[in-house]
Each structure stands twice: as C-alpha cells, then as structure tokens.
Amino acid sequence: MAVLCTKDKTYDIKEAEISNSMLIIPQLKTGQDLDGDSLGQELNIRQVTSTKYNYYELRHCKPKMKKLRLLLEENMYSGKECEEDEEHQGRKYTYDDLLNLVQASRIELQTALKKVQACKLEGYWRILDFQFLSLVLSHVIQLCDENDWIKSGMPYEECMKTLEELFPREVLDHVLQSYADKAKPSSTEDDEDQMEIDVDFYYLNEDKVCRFFAEQILKHSKGKFNYEDFSNTWQQTVPSGMQTMDQQLQGMALIDRSSQLQTITYYSVDDLPEDVAERFDELFRTKEKWSLEEISPYIRDLTTDKLDVGGLLTKYARSSMQNGVKVFNSRKPSL
C-alpha cells in the first residue's frame, strides 16, 4: 500500500472513481491562455491521449508501527559483552534506515521510537532486552535505596558516574528518561552564602516503575495467575514507599473478577493487530463482554481527531446492560 508522508502526518493514497470522463489533451489552451485581442477565430487540432475515469485522493491515516517493533526486535541490546554473540548478529537500523522502511512521517516515527522505548546506541536505534533492562533498572533502584534518593531525588551526574562502569551512559540516560521524571532543586534566595548550583535531579516515576515490576512478574507466569497472590508479590517487589494499583496495569493485563477466585492474565495492547476491525475481532475472541473501563486501554491508540473511544465502540461494538453495568460485545453474530 502506497502512502504519502509530510513532516508530521501520513496519508493513504486511495483511488476514487468519477462519473464524468477526464480527457487528457496535451498543449490545450484554456482561459487566460487564449488570445483575447484576436477578433477572428482560430481552430487548433489537438489529440486526446488518454481518458480517465478515476483519480487519487489523500486520506489522513494513523501510521502502521507494528513493523517498527519487529525490525528493532531483530537485534535487541543485551549489553556490550553480548554484542559478539550469535544471537546478536541481526541487522541494526539507523534513523534514516527506519524512515525508509516504516511508512510514517518523521515526527510520527520519533514518537513511535519513544513509545517502544527504543534507545540510540552508537548511531543505531535498539530495543533493550527485557532481562537486561531489568538489570539496569534494578541497579538504579538499588543506588536510590542506598543513598535515600527515592524521595529526595537522584543527582543525574552522580548516578551516571556511579553506574557507567557497568552500563553505557546512553543506556543509563535512556532508563532514567523512561522511568524517572526530571526536576531541579529550588534555590534559596534569602541565603546569600548559598551558591546557585544547576544540578539535574531525577525522581523515580511510581506508576512506571510499578508497572514495570508487574510486567516482570506476569511475563514469567504462564496463563492465569491468582490475583491475590500476584498482588502480594507485586507489592513486595516494588521499591519501599511505592504503592501498587490496578490502574497501573491498564493495557497490559486482564483481571477476571467473575468468580470468587479472581485471576489475572498478561495481555498487552502491543501484541494486538493494528487494523481496527481485526483489533475488535481479537478483543471479542479473548473476552465476550467488556466494560468501558476494561476495553478503553486496548483501543485508545486507535482513536483519531474525528473518532474517539466512544465513536469506535459505536461503530464496532454493541452495548448492553449487565448487572447494572454497561458492557460491550461484538456486532457480529456469534457462531
């Protein structure tokens, strides 16, 4: 499928038919091309070279980014010591390589690289292997625990200098940008003796860190996980002072509360089809009925300026009431 990309948008190129015929006539004079001062009439013979009954129009669309993740997963980064391993000999991609291979504008590609948590290493964009990412993040958290930086914030340069012997600086910076929020210490104007020091501080983002540990637990479990056991393990795993909440699991896990023994299953929105109709088919194959709160995280990335979550549900789902709660199911008749 052909697309046209501007700096920040992607457009489908669609063929459209017209009821009238368009005649293609080279060197035809019309309008202001005609000599208005001439009192006489002039007859010119021109040959019709082609007749067209259709044309191409541009329709703004969301870029297909599934290919980006597949390309970057060909050779994930697992640390310097693993770069020569047989498993890490896949192709690596620069930004220009990806721009030529993925049908998206420059700005949309930059946004997608951030969404998939790609890291730029030596000019190539790489996804960190999950186990390696876990190792780096655990060292950052341990450093925060040792220095009581969870609440006070970690000084950027001190964190870099302490850990860059273990991991590349680009990786450490990437992990901080992904799981911490940047802040600066406030200056005290009343203290004339205090020197103004421009130091970057980072505070671990509680929701992002808790979500990461939830994914770590669920990825190691096969199938359904007892929800109570998961909740206890999850809370014990996150750094001291952080509080786990179900909202942190949106778009990553499904909680089944229909029976007395509640369960949780790893179910990531990143693994679902990009096509809207296929996405809804997959969702309703997984679960027959969804509440608005449950299904929204799994379709929010499909919304456009003209079609929000409500519009998508109106078009692709049917609503009904179940135990006083509005639920959505497939418009297609069940087999």
Side-chain angles (χ1 to χ4, degrees), residues 1-3 5 10 62-143 159-180 208-209 211-223 251-253 266-275 278 282 301:
M1 181 183 68
V3 299
C5 295
T10 301
K62 296 182 75 69
K64 305 296 184 182
M65 288 303 182
K66 181 75 73 174
K67 185 176 182 180
L68 174 63
R69 181 178 289 275
L70 294 175
L71 290 172
L72 296 178
E73 287 179 346
E74 291 177 6
N75 189 356
M76 294 190 288
Y77 186 78
S78 302
K80 286 184 177 181
E81 65 279 1
C82 299
E83 285 296 271
E84 301 301 323
D85 293 351
E86 184 177 346
E87 297 179 3
H88 296 82
Q89 298 307 306
R91 184 177 174 183
K92 295 181 290 188
Y93 298 93
T94 64
Y95 180 79
D96 288 338
D97 291 335
L98 295 172
L99 197 60
N100 289 329
L101 293 170
V102 180
Q103 292 181 324
S105 67
R106 288 183 175 273
I107 291 181
E108 288 169 330
L109 179 59
Q110 291 169 1
T111 302
L113 285 169
K114 184 176 181 180
K115 182 179 179 181
V116 301
Q117 292 190 337
C119 176
K120 189 176 183 181
L121 292 166
E122 299 179 347
Y124 297 99
W125 286 93
R126 313 280 296 276
I127 288 181
L128 303 186
D129 175 78
F130 190 80
Q131 295 300 324
F132 177 72
L133 174 59
S134 301
L135 180 64
V136 179
L137 185 57
S138 66
H139 274 77
V140 171
I141 293 174
Q142 182 180 353
L143 185 64
C159 180
M160 293 293 114
K161 290 178 181 178
T162 304
L163 297 178
E164 63 185 354
E165 292 184 2
L166 300 175
F167 310 108
R169 191 180 182 93
E170 297 93 335
V171 170
L172 292 169
D173 179 78
H174 170 71
V175 172
L176 286 186
Q177 301 297 335
S178 300
Y179 294 96
K208 292 179 179 179
V209 172
R211 181 181 175 87
F212 176 84
F213 280 103
E215 184 175 10
Q216 189 179 52
I217 297 169
L218 291 171
K219 274 192 170 183
H220 285 88
S221 64
K222 295 182 180 179
M252 185 183 69
Y266 181 71
Y267 192 70
S268 175
V269 64
D270 296 330
D271 298 329
L272 298 177
E274 287 184 299
D275 180 79
E278 292 178 7
E282 176 65 27
D301 62 311

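Bear in mind the structure is a predicted one, so any value in this text is a computation, not a measurement. Every heavy atom of this structure was used, including side-chain atoms; hydrogens, water molecules and symmetry mates were not.
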Below 4.5 Å, heavy atoms only, C-beta onward: do L135 and L166 meet side chain to side chain? no

In terms of heavy-atom contacts, Q216 and H220 come closest through O-ND1, 2.7 Å

Identify the heavy atoms of P63 and E274 that sit nearest to each other, and give their distance. O-OE2, 4.1 Å

Apply salt bridge (charged side-chain N to carboxylate O under 4.0 Å, His left out) to the pair R126 and E83, showing each step before the final yes or no. CA-CA 12 Å; R126 313 280 296 276; E83 285 296 271; 3.2 Å; yes

Check whether any side-chain heavy atom of Y77 lies under 4.5 Å from a side-chain heavy atom of P168, and answer yes or no. yes

Looking only at heavy atoms, which two atoms of L272 and E282 are closest? And how far apart? CD2-CG, 3.7 Å

Roughly how far, to the nearest 0.5 Å, is the SG atom of C82 from the CE atom of M76? 11.5 Å

Does K66 reach the main-chain N or O of D270 with its side chain, forming a donor-acceptor pair under 3.5 Å? yes

What closest approach, in Å, do V171 and V136 show between heavy atoms, and which atom pair accounts for it? CG1-CG2, 4.1 Å

Side chain to side chain contact (heavy atoms under 4.5 Å, CB included) assessment of V3 paired with K64: CA-CA 11 Å; V3 299; K64 305 296 184 182; over 6 Å; no

Drop me the distance from C5's SG to Q103's CD, to the nearest 0.5 angstrom. 7.0 Å

L133 side chain near F212 side chain, heavy-atom distance below 4.5 Å: yes

For A118 and W125, which heavy atoms make the closest approach, and how far apart are they? O-CZ3, 3.6 Å

N75 side chain near Y124 side chain, heavy-atom distance below 4.5 Å: no

Evaluation steps, side chain to side chain contact (heavy atoms under 4.5 Å, CB included), between Q117 and L128: CA-CA 8 Å; Q117 292 190 337; L128 303 186; over 6 Å; no

So, for S178 and K208, which heavy atoms are closest and what is the spacing to 0.1 Å? O-CD, 3.1 Å

C159 and L143: side chain to side chain contact (heavy atoms under 4.5 Å, CB included), yes or no, with the steps? CA-CA 8 Å; C159 180; L143 185 64; 4.0 Å; yes

Answer yes or no: is there a side-chain heavy-atom contact under 4.5 Å between L113 and L98? yes

Pairwise side-chain contact, M160 with L176, heavy-atom cut-off 4.5 Å (strictly under): yes

Under the side chain to side chain contact (heavy atoms under 4.5 Å, CB included) criterion, do E215 and F130 qualify, and how do the steps go? CA-CA 10 Å; E215 184 175 10; F130 190 80; 3.8 Å; yes

